[in-house]
Amino acid sequence: MAKKYITTAIPYMNGDPHIGHAIDYCLGDVCARYYTLRGNEVRLQAGTDEHGNKIFNKAKEVGVSVQEFVDEKTETFKNFIEKLGVSYTDFVRTTDPEHMKRVQEIWKKLEKHIYRAKYQGWYCTGCERFITDKEYEENGGICPDHNKSYERLEEENYYFRISDFKDRILEAITSGEMKILPDFREKEIIKLLKESPDVSVSRPISQLTWGVPIPGDESQVTYVWIDALSNYLTVLGYPDEDISEWWPAAAQFVGKDILRFHAIIWPAMLLGLGLPLPKTIVSHGMILADGQKMSKSVGNVINPIEVVEKYGLDAFRYYFLRHIDTFSDSNFTWQRFSDAYNNELANDLGNLVQRLSTLAMKNNISIEETEYEFTKEYNELMEKFYFSKALDYVWVRIQELNKRIDAEKPWSLAKNGETEKLQKCLKNLISDLLANAKMLEPFLPASSEKIFEIFRGSITSPETPLFPKG
RNA sequence: CGAGGGGUAGAGCAGUCCGGUAGCUCGUUUGGCUCAUAACCAAAAGGUCGUUGGUUCAAAUCCAACCCCCUCAACCA
């Protein structure tokens, strides 16, 4: 049995779960369920990124210990993931001692590509961060948030020599060894890669305490990259365990905002460790509310849990996997959501199940259980991660069934006593429905299972509709 | 300045690579059916395909210029 490893991005624990995280999880989950149904052994990783100043400060602000703070946040995220029906198998926290120990080992393995250097730049003591020269000019040398002049500051950091790997990464991308989806993002990355500088991978402990200490240098702490990106490996047990059965990952799902780190710094790290590169990095878009970025200050934030509670988990998954494009930014509006729910889930699919189960019941039809195979077209779309297109494809087939019922008029056959013809007609319709239900399983696991239950053994028409209308 | 995406019926989108008098879903209107969650099926109305120019027998599709919208822009995830 082939093994497939799928990863999702680990959210930073300074905020609460939101729709962007939900999309990432759902995509990973669909992919995992699909591979499982194809007969693969699948591991789906999820996790949390818990180090850094922002978290440290936030905990102080709330007045709890940092560990308490991240423990609680992680629980919140775990609950969130479970409410979305994500079938993850592994969970990693960057504050986990095991992870931290492994990060230090990874650091040591990368040491020949790491050097110490001074960084000089404009710094805001209010923001506690360096700003770019451009930002400095734009703000006229004064921080707009703190109304303070920027200071010229020098800091010594460790740097990771990306330039050691650029050629190799470029080659991997162009040869298809590491595919970046969608194509237009791949183009973007190729351009960015060429001008990518080395990255700073540490901070002096005076600046940052909440992180993984650098082995052999107590004055410095690892900065986000090596700590967070390593999670994909440490959760598998690297470097203590042999991970060759699982690594390279079949697919890594990330938001477009963090693609560059995953397509440049991350591959460089892997090459430095002598590990193969992930087969695919899938970058998804952002979800907009009425064409606008969601933000708390604008007050247009869509809470995924609210959608789930109002319409059900499968409805949420359906909408966000079909009408939110897998790769580009898409809009969410409650109007479009409820249109899709009523027209597609309730009318097209729900009602189809209802009419076929009633017809079968009235005419004493029973169906033998068989294994339903995915069609070639469906597999092609799924393997390319065109999830929204795969759902479109299945939906056309569902709508065709409604047309066929009208064309074949089983109720007339019953009236005319054409029993044999009727039996054949209904059995065909039902088994085609079940074949489609199978292809819906990665997307709508609960509804797919319900459909199979309805048509299993002696067929019963469901008492409550699959997708009730409010 | 730069880079990426986009501008096609009231709305949301496909079609653009490989040119051939525009297609899907929703909405609207009309008709049909009765197995069904007032669901389903059929049909109709509705578009100078961002602008201008070019290539061609023929352009949403190729070329050039321009306009508008969105996103990203280097250690702050």
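Chain letters run A, B, ... following the sequence lines, proteins first, then strands; residues in each count from 1. Hydrogens, waters and symmetry mates are skipped; everything else that's a heavy atom, side chains included, is used.
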### Message
By the salt bridge (Lys or Arg N to Asp or Glu O under 4.0 Å) test, which pairs, at least two apart or in different chains, include something from residues 334-357 of chain A?
### Response
R322(A)-E344(A), R355(A)-D406(A)
### Query
Among C35(B), C41(B), C40(B), which nucleotide sits nearest the side chain of N351(A)?
C40(B)
### Message
I want to verify a distance call: between C72(B), G4(B), U37(B), whose nearest atom is closest to the R260(A) side chain?
### Response
C72(B)
### Carboxylate-amine/guanidinium proximity below 4.0 Å for R116(A) and E156(A)
yes
### Intra- and inter-strand pairs of RNA chain B in dot-bracket (Watson-Crick or G-U wobble, both distances under 3.5 Å; | for another strand)
.(((((((.[[[[.).......]]]].(((((.......))))).....(((((.......))))))))))).....
### Query
Relative to the ring of H323(A), is the ring of Y319(A) parallel (under 30°), tilted (30 to 60°) or perpendicular (over 60°)?
tilted
### Task
Ignoring backbone atoms, test whether N347(A) places a side-chain nitrogen or oxygen under 4.0 Å from the OP1 or OP2 oxygen of C40(B).
yes
### Among U37(B), C35(B), U71(B), the one nearest K293(A) by side-chain distance
U71(B)
### Task
Please state the P separation for the pair G5(B) and G15(B) - nearest whole angstrom.
14 Å
Would you tabulate the pairs of protein nitrogen or oxygen atoms and nucleotide nitrogen or oxygen atoms of nucleotides 26-34 of chain B closer than 3.5 angstrom?
residue : atom : partner : partner atom : Å
C26(B)  : O3'  : N343(A) : ND2          : 3.0

### Query
Are OP1 or OP2 of C76(B) and a side-chain N or O of Y223(A) less than 4.0 angstrom apart?
yes
### Query
So which of residues 186-202 of chain A are in contact with RNA chain B, with a heavy-atom cut-off of under 4.0 Å?
K187(A), E188(A), K191(A), E195(A), P197(A), S200(A)
Taking only N/O atoms, report every protein-nucleotides 8-15 of chain B pair under 3.5 Å with atom names and distance.
residue : atom : partner : partner atom : Å
G12(B)  : O2'  : R336(A) : NH1          : 3.1

### Message
Taking E188(A) first and then R260(A), would you say they form a salt bridge - that is, a charged N and a carboxylate O separated by under 4.0 Å?
### Response
no
### R203(A) NZ/CZ over Y223(A) ring centroid, <6.0 Å and within 45° of normal
yes
### Task
Looking only at non-hydrogen atoms, find the nearest pair between P11(A) and A9(A) and report the distance.
CD-O, 3.3 Å
### Query
Does OP1 or OP2 of A77(B) have a side-chain N or O of K54(A) closer than 4.0 Å?
yes
### Message
Roughly how many Å apart are C62(B) and C17(B), using the P atom of each and rounding to a whole number?
### Response
5 Å
### Query
Any ion pair linking E449(A) and R456(A) (charged N to carboxylate O, less than 4.0 Å)?
yes
### Query
Looking across every strand, which nucleic acid part, if any, lies under 4.0 Å from F332(A) by heavy atom: base, sugar-phosphate, or nothing?
nothing
### Message
Whole angstroms only, please: what is the CG-P distance between N364(A) and C35(B)?
### Response
16 Å
#### Entry: Sequence neighbours excluded - side-chain hydrogen bond (donor to acceptor under 3.5 Å, both in side chains) pairs with any residue from residues 410-435 of chain A
R404(A)-D432(A)
